[in-house]
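When a ligand or atom number is given, it counts from 1 through the structure's own listing order. Along the sequence shown, the residues carry numbers beginning at 1. For clarity, every value in this text was computed on a predicted model and none was experimentally measured.
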Amino acid sequence: MERLQKVMAHAGIASRRKCEEIILAGRVRVNGKTVKDLGAKVDKDDLIEVDGKPIIMERMVYVLLYKPAGYLSTVVDPRRRKTVQDLVGDIKERIYPVGRLDYDTSGLLLLTNDGELTYSLTHPSFQVEKTYLVEVKGKAGEALKRLEKGVELEDGKTAPARVRGVQEKGGNTVFQLTIHEGRNRQVRRMCEHIGYPVINLKRIAFAFLDLKGLRPGEYRFLSDEEVEKLKKLQGNYAGFLSKTKNI
Ligand code: URA
């Protein structure tokens, strides 16, 4: 179930604000009944008419992709390199990545046509936890503690992070790093900063979602429960924003 004005905006009727005005003006019918309530929710089986004309609803699609290394997180590349679009090409809705992973990074990437959810999940003040499996060159040991405290990068100090499961592998170090910011190439820059360049990077978790059951290049649709849970996170964020606005 989605808010009526969101579904209308998504169908290309007008901006969400404008759609609210259209609803309040009594121009919208749902299953034959005029609806003037901005809290009204609809689902894909409802018939929505604006000024008597039915609107075509696009299905909201939420996809969890196991991105392999060697793919761009964009939809098209002028240099014709492979993109994540090539991996979800059989989905007919136009979906876009929620944030991005570097070309060389593998792991969990969400894609959706829900612009509102994308906006809040990628907003810098939205603190969703992302966990990476990181391999760095050399025996990093104690130096990893510096990542937990935050390191000074050219775009400012990073927020405290969490390091877990440190293991030596050959002469290298493997560990899990959890951050909740989403700056460009952040993990690579953090590790570079402490003197241990990244050799391998894979995102293994995004909020409560992980890669279970998927192999590189495969995707699955999120369940309704997972979508609702993500939206709840988003709801917390929206609440946070409106609170700070009132100050
Ligand atoms: N941090 C990086 O450095 N690269 C990614 O792709 C994701 C997080």
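- Checked by distance only, ligand 1 and Arg188 come closer than 3.5 Å through their nitrogen or oxygen atoms.
- Side-chain atoms of Asp43 never come within 3.5 Å of backbone atoms of Met1 as a donor-acceptor pair (strictly under, hydrogens ignored).
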Can you list the steps and then say if Lys145 with Glu148 is a salt bridge (Lys or Arg N to Asp or Glu O under 4.0 Å)? CA-CA 5 Å; Lys145 293 229 166 77; Glu148 295 205 300; over 6 Å; no
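- The proximity of Val198 to ligand 1, defined as any non-hydrogen pair under 4.0 Å, does not occur for either the backbone or the side chain.
- In terms of protein heavy atoms, atom 1 (N) of ligand 1 is closest to Val187 N, 3.1 Å.
- In terms of modelled atom types and a separation under 3.5 Å, the side chain of His193 and the main chain of Glu152 share a donor-acceptor contact.
- Considering backbone and side-chain atoms together, Thr105 places an N or O closer than 3.5 Å to an N or O of ligand 1.
- Side-chain heavy atoms closer than 4.5 Å link hydrophobic residues (I, L, V, M, F, W, Y) into clusters, and following such links, even through other members, never connects Leu211 to Leu101.
- Annotation for ligand 1: atoms under 4.0 Å from non-hydrogen atoms of Tyr132 are 7 (C), 8 (C).
- Contact annotation: for Asp102 versus ligand 1, heavy atoms closer than 4.0 Å belong to both the backbone and the side chain.
- Near Gln186, meaning under 4.0 Å from one of its heavy atoms, ligand 1 places the atoms 1 (N), 2 (C), 3 (O).
- Checking side-chain atoms of Thr173 against main-chain N and O of Ala140 turns up a donor-acceptor pair under 3.5 Å.
- Using a 4.0 Å cut-off between charged side-chain N and carboxylate O, Lys53 and Glu49 make no salt bridge.
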